[in-house]
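One structure is given here, and the rest of the page talks about it.
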Amino acid sequence: MNNIRLDQMGYRPGDVKKAVVPETASGFQVVRVSDRAVLYEGNASEPMLCAASHEKVRIADFTAVTQSGEYRLETEEGSSYPFFIGDTPYGGLRKAVLDFFHYQKCGVTLDAGAWSHPACHTTPAYVLDASGQKTGEIKDVSGGWHDAGDYGRYIVPAAQTVAQLLLAYELAPAPDAGVLDAVWFEIEWMLKMQDETAGGVYHKVSCETFNALNQMPDQERGELVLCPVSAATTADFAATMALASRFFPAQKDRLIGAAGRAWQWCLANPDAPGFQNPPNVKTGEYGDDDSQDERFWAACELFIATGDEAYHDYIKSAELSTGLGWRQMGTFGLAAYLLHAGSKAGPDLAARMKSKLLSAAQDIMAQCETSPYGISLGLSYRWGSNMDLANNAMTLLLAELFENNIQYREAALEHMHYLLGKNGLNKCYISGLGSDPMRNPHHRPSVAAGQAVPGMVSGGPNGNTKADLILHKHCAGLPPMKCYVDHIESCASNEIAIYWNSPVYFVLAVLGL
Ligand code: 9MR
Ligand code: 9MR
Ligand code: ZN
């Protein structure tokens, strides 16, 4: 393995181009692959410590190279993976990241090459109470996307995913028409997850336990159970349906109606506790005992969708918070209000929201400045660190809508370079692309087929190596940026998930990559 870290796909001519090289490499060259012509010769920066990888490194800046071609960056010690400079160096990346959602479809016959399978999870689900007993009710909740490497379907991460895909569609300079079809598939399932009488939304549907890692979806035949309604889920649902009503005009009344019923449930249950798995249910929990941020987001979307001042009153007295990851969703509300409340927006409130969003962006930028990789995770590499990374990039791009600062955009792009190989492990964290892509995801259809579905974003390094045995075996004691193993059994560092692909898709679409 070479030790020159750069984007394994490449760079557009006008973009900043930086590689990270070892401390020992002071000079470098950019060499054309076809004829070994030296296009550029430069000196790397002074050595810097990367706290997250515990390495002293230098930055090799070759922004000056703008001529299209295929190159390698070379030092005295070695040569990088080849990469392209050109107008479209990312080839099929963005399409693959979006097409991934097709492979996650549940409840339908899937025609998807090696990953094809008959319809899965089509039996009705038994509603459980909080103690895990069946209530006697059964419900058809077929459809939607499998959440991740497992086959559960959970509303909380679904809401994050749908919101990020719809915002990508809304804010991209050239949106992909396929987004709306992709998202509608999920929304139809989400609608089935609502208890129509009381308006509450069931937290999740899955079998009681996870099935074997080598089974295709249709081979999971256990009884499906619906876990109890929760507040975070119901508020997320209200927000998502109201948001979706902007994009699906023919379904507007139905979506707003469902959102309004969910909101009424939230009002009637102000102190509902956070969701916990009933004792017999072992699948993804997505517990969140603070639903204030989800309620705030729902009120913002419902205000925009209906113009009803009752929602505005709720927003005015709500506490503002930020976040784009399933537990903390405040930024979705801030962005919605700032972009769409229009002439109805309270100017003081809008100013407070804007400063909340911009201060989140400034915190992210401050982290980027301390990192030779130009990224924002600091020392915090949690389960799904690549989602945190992509969500930070998305926050920067949202902030850029309200504060014209080219550095936000440049930093967001550095975050994509990190995912595509410019990182402490020289690994491309997206399957099917780059010179050394993720090959062995913790993803049941990929394990069953013996090959990885393309376009999937790995969870990425997880400093808490004890979270799975194989990660601990390979990475115990390593610095956080290196706690990753490309192994099917490492769910804590190498699973994939719908809500890890969605922020990456947002960034690619909005940057026009
Ligand atoms: O495959 C499961 C993955 O989707 C989850 O993220 C992870 C943590 O909840 O759990 C995985 O399932 C493992 C289970 O927890 C323990 N036995 C082995 C399972 C992997 O095959
Ligand atoms: O993304 C979730 C992460 O934040 C948690 O630390 C982790 C362990 O509880 O669970 C992750 O979510 C998994 C979910 O529970 C089941 N489906 C796969 C998800 C991704 O690993
Ligand atoms: Zn299924």
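Note that ligands are numbered from 1 as they come in the structure, with each ligand's atoms numbered from 1 the same way. No experiment lies behind these values; they were computed from the predicted model shown.
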Requested in this report: Mark the output for Gly284 as yes if a heavy-atom distance to ligand 1 is under 4.0 Å, and as no if none is.
Outcome: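 Under 4.0 Å: no for Gly284.
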
Query raised in the report: Is there a heavy atom in Glu285 that sits closer than 4.0 Å to ligand 1?
Result: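 It does not; every heavy atom stays at 4.0 Å or beyond.
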
State whether the side chain of [X] and the backbone N or O of [Y] hold a donor-acceptor pair below 3.5 Å, judged by distance alone.
{"X": "Asn423", "Y": "Lys427", "answer": "yes"}
{"X": "Lys356", "Y": "Gly330", "answer": "no"}
{"X": "Glu294", "Y": "Ala232", "answer": "no"}

Query raised in the report: Among side-chain atoms of Thr197 and Asp195, is any donor-acceptor pair under 3.5 angstrom?
Result: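 There is such a pair (donor and acceptor under 3.5 Å, judged by atom type) between the side chains of Thr197 and Asp195.
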
Query - With the Zn ion (ligand 3) as the apex, the NE2/SG angle for His146 and Cys120 - to 10° - result: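 Taking the Zn ion (ligand 3) as the apex, the two atoms subtend 110°.
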
Requested in this report: Identify, by atom number and element, the atoms of ligand 2 in contact range of Ala148, meaning under 4.0 Å from any of its heavy atoms.
Outcome: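 In order of number, 17 (N), 18 (C).
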
Report task. Pull out every atom of ligand 2 sitting under 4.0 Å from any heavy atom of Asp147, numbered as shown with elements. Result ->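 What qualifies from ligand 2 is 16 (C), 17 (N), 18 (C), 19 (C).
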
Requested in this report: Take Ser493 and Asn462 through the test side chain to side chain donor-acceptor pair (under 3.5 Å) and record every step on the way to the result.
Outcome: CA-CA 6 Å; Ser493 79; Asn462 180 348; over 6 Å; no

Within the 4.0 Å heavy-atom shell around [X], which atoms of ligand 1 are there?
{"X": "Trp383", "answer": "6 (O), 8 (C)"}
{"X": "Cys491", "answer": "7 (C)"}
{"X": "Asp150", "answer": "4 (O)"}

Query raised in the report: If we only count N/O pairs under 3.5 Å, is Tyr499 in contact with ligand 2?
Result: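 It does: an N or O of Tyr499 is found under 3.5 Å from an N or O of ligand 2.
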
Query raised in the report: Considering all heavy atoms of both residues, which atom of Gln104 and which atom of Asp147 are nearest to each other, and what is their separation?
Result: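 In terms of heavy atoms, the two residues are closest at NE2-C, 4.1 Å.
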
Query raised in the report: With Phe332, which of Phe506, Trp297, Trp326 fulfils ring-ring contact (aromatic ring centres under 6.0 Å, His included)?
Result: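 Passing option: Trp297.
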
**Report entry** Geometric class of the His146/His121 ring pair [parallel <30°, tilted 30-60°, perpendicular >60°]
**Finding:**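 Because their plane-to-plane angle is over 60°, the rings of His121 and His146 count as perpendicular.
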
Query - Side chain, backbone, both or neither: the part of Glu489 lying under 4.0 Å from ligand 1 by heavy atom - result: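 Neither part.
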
Query raised in the report: Do the charged groups of Glu489 and Lys473 touch, with an N to O distance under 4.0 Å?
Result: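 Looking at Glu489 and Lys473, the cut-off is not met.
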
Requested in this report: Report the part of Trp500 in contact with ligand 2, treating N, CA, C, O as backbone and CB onward as side chain, heavy atoms under 4.0 Å; options are side chain, backbone, both, neither.
Outcome: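 Contact part for Trp500 vs ligand 2: side chain (C-beta onward).
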
Query - Test log, rule ring-ring contact (aromatic ring centres under 6.0 Å, His included), inputs Trp263 and Tyr314 - result: CA-CA 12 Å; Trp263 178 257; Tyr314 183 94; 5.0 Å; yes

Report the nearest protein non-hydrogen atom to [atom]: residue, atom name, distance rounded to 0.1 Å.
{"atom": "atom 12 (O) of ligand 1", "answer": "Phe210 CD1, 3.4 Å"}
{"atom": "atom 21 (O) of ligand 1", "answer": "Arg444 NH2, 3.8 Å"}
{"atom": "atom 20 (C) of ligand 1", "answer": "His442 CE1, 3.7 Å"}
{"atom": "atom 18 (C) of ligand 2", "answer": "Glu495 OE2, 3.1 Å"}

Query raised in the report: Under 4.0 Å from atom 9 (O) of ligand 2, do we find at least one protein heavy atom?
Result: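 False for atom 9 (O) of ligand 2.
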
Report task. For residues Tyr429 and Tyr484, establish whether the separation of their ring centroids is below 6.0 Å. Result ->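 Between Tyr429 and Tyr484, the centre distance is under 6.0 Å.
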
Requested in this report: Among the N/O/S atoms of His121, select the one at the shortest distance from the Zn ion (ligand 3) and name it.
Outcome: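 Relative to the Zn ion (ligand 3), the closest nitrogen, oxygen or sulfur of His121 carries the name ND1.
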
Report task. Compare Trp326, Tyr286, Tyr154 and give the one whose heavy atom is closest to atom 19 (C) of ligand 2. Result ->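 The option holding the nearest heavy atom is Tyr286.
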
